[in-house]
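Note that ligands are numbered from 1 as they come in the structure, with each ligand's atoms numbered from 1 the same way.
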Amino acid sequence: MRVNGAGAHLTTMPHYRGRFAPSPTGPLHFGSLVAALGSCLDARAVGGEWLLRMEDVDAPRCTVDAADAILHALDAFGFAWDGSVAWQSERDAAYAAALGQLRERGMVFPCACTRRELADSRLGVATDGASIYPGTCRDGLPAGRDGRAWRLRVNQEHVQFVDRVQGAVECDLHHEVGDFVLRRADGVFAYQLVVVVDDAEAGITHIVRGADLLASTPRQIFLQRCLGLPTPDYAHLPVVLNAAGEKLSKQTLAAPLNTVQPLSQLVSALHVLGQRPPADLVESSLDEFWSWAISHWSLALVPRQAPL
Ligand code: GLU
């Protein structure tokens, strides 16, 4: 995947609907706050809507406690979303329908490969760490093997788009990713499918999220085209790293947000997003914070990477 150049700027805004889509696998940390704040401000600054979706499709990894903690933290930080929260765990029928549509058109195929077999194929890994698919089952399952996962056929697809922060992105899906999974061997619908189906269903026009998801975007755009769905505008925000240079996450033991003192963390998140809040904003109220942040939001100031 090539990422190259400065971001394009949004000009007219007939209609803007954004969203924040956390996975309730643990509490929000500072990196999630940056993504939530950036997506919310980008929507509110143009009078747009901002929705909240709980990405709890991967039931074994998600907990009700984590979802509650996320809702509580967002509330404590003064986030206000439009409408009610969408829950992916209630949407299996929609995901099955999308997969069914692709099946009818021969665009997906069952795959018997195990993780081990894929790792052994030595084609290397895609930018998100998954093995590049060698095409083993695309023309039929090997004798005596059962299909475990469902994969989308990727032919000679080059996907290009202009990210509003990261600039021009180009991906040769066939060589860099290969046919990718839409339904996992354990029956769970894959992130790539559910995010595309849900964003389209909700009428999302602008996706603003962490740059850790940039590698997934060409897949999602290709899938949108396969399903005849519109492609939203994308902006991928800088990813916050810890002192060891790792992305903040549950795996790297990122500290949960401190919901008792939201202002200092909100102001720090604004700095990561390249905004220039006055020094005394940290002593203001939540209302004053939001009103300053919305009226001064400038995506053009957002850096491609967080400062070290
Ligand atoms: N649920 C994903 C996450 O928490 C975000 C999905 C998205 O914004 O597209 O990393």
Whether Phe20 lies under 4.0 Å from ligand 1, heavy atom: no
Please identify which atoms of ligand 1 are closer than 4.0 Å to at least one heavy atom of [X].
X: Arg209; answer: 7 (C), 8 (O), 9 (O)
X: Tyr191; answer: 6 (C), 7 (C), 9 (O)
X: Val195; answer: 9 (O)

Suppose we measure from [atom] to each protein heavy atom; which comes out shortest, and what is that distance?
atom: atom 6 (C) of ligand 1; value: Glu55 OE1, 3.2 Å
atom: atom 5 (C) of ligand 1; value: Ala21 O, 3.3 Å
atom: atom 10 (O) of ligand 1; value: Leu213 CD1, 4.0 Å
atom: atom 3 (C) of ligand 1; value: Ser23 OG, 3.7 Å

Is [X] salt-bridged to [Y], cutoff N-O under 4.0 Å?
X: Arg44; Y: Asp82; value: yes
X: Asp58; Y: Arg184; value: yes
X: Arg164; Y: Asp233; value: no

Output field: ring centroids Tyr16/Trp50 closer than 6.0 Å: no
Any N or O of Arg19 closer than 3.5 Å to N or O of ligand 1: yes
Asp172 side chain near Pro218 side chain, heavy-atom distance below 4.5 Å: no
Atom CZ of Arg61: over 12 foreign heavy atoms under 6.0 Å: no
Enclosure of Gln305 CD (heavy-atom neighbours >12, cutoff 6.0 Å): no
